[in-house]
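A short worksheet on the structure shown next.
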Amino acid sequence: MSLVAEIVDRLSGVAALREKVAQQDKVLEGMQRILLEQQRELAEVKGTLRALVTMQQALPRK
């Protein structure tokens, strides 16, 4: 009977591990979305900064 109990324990351990992996996968997906949004915002800031620098260079100097 101990062999059966050991097999059941191992199988339940595998099920728990699968659940943890699934949870981590969801966490990673969320982090990827956040990172992508931050990259988009950074690209927007860079574009705005380039435009401002270009505008400043076009102004007549005193």
Side-chain angles (χ1 to χ4, degrees):
M1 198 63 144
S2 66
L3 180 61
V4 172
E6 184 179 337
I7 290 172
V8 169
D9 285 345
R10 287 185 183 187
L11 289 176
S12 64
V14 169
L17 182 59
R18 282 185 181 159
E19 180 61 30
K20 287 180 182 180
V21 168
Q23 289 174 352
Q24 289 298 316
D25 191 40
K26 290 177 186 177
V27 168
L28 285 175
E29 287 176 6
M31 293 173 110
Q32 287 174 335
R33 282 193 296 273
I34 291 169
L35 182 58
L36 182 59
E37 182 62 29
Q38 288 178 342
Q39 288 174 335
R40 285 183 188 143
E41 290 175 359
L42 181 58
E44 186 178 323
V45 169
K46 281 179 69 176
T48 302
L49 182 59
R50 284 182 183 161
L52 288 171
V53 168
T54 301
M55 288 171 55
Q56 183 182 19
Q57 289 174 347
L59 290 175
R61 302 204 180 220
K62 292 184 179 182

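If you read the sequence from its start, that first residue is 1, and numbering goes on from there. The figures here come from the full heavy-atom set of this structure, side chains too, leaving out hydrogens, waters and symmetry mates.
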Practice problem: Show your working on salt bridge (Lys or Arg N to Asp or Glu O under 4.0 Å) between R40 and E44 and close with a plain yes or no. | Solution: CA-CA 6 Å; R40 285 183 188 143; E44 186 178 323; over 6 Å; no
Quiz item: For E29, does the CD atom have more than 12 heavy-atom neighbours from other residues, nucleotides or ligands under 6.0 Å away?
Solution: yes
Once you round to the nearest 0.5 Å, how far does [atom1] of [X] lie from [atom2] of [Y]?
X: T54; Y: L59; atom1: OG1; atom2: CG; result: 11.0 Å
X: R33; Y: L28; atom1: CZ; atom2: CG; result: 11.0 Å
X: I7; Y: S2; atom1: CD1; atom2: OG; result: 9.5 Å
X: Q24; Y: E19; atom1: CD; atom2: CD; result: 11.0 Å
X: I34; Y: Q38; atom1: CD1; atom2: CD; result: 7.0 Å

Practice problem: Check step by step if side-chain contact (heavy atoms from CB on, under 4.5 Å) holds for L35 and Q39. | Solution: CA-CA 6 Å; L35 182 58; Q39 288 174 335; 4.2 Å; yes
Quiz item: Side-chain heavy atoms under 4.5 angstrom apart, residues restricted to Ile, Leu, Val, Met, Phe, Trp, Tyr: same cluster for L11 and L3?
Solution: yes
Quiz item: Any side-chain heavy atom of Q57 sitting closer than 4.5 Å to one from V53?
Solution: yes
Quiz item: Taking side chain as C-beta onward, heavy atoms only, is M31 less than 4.5 Å from V27?
Solution: yes
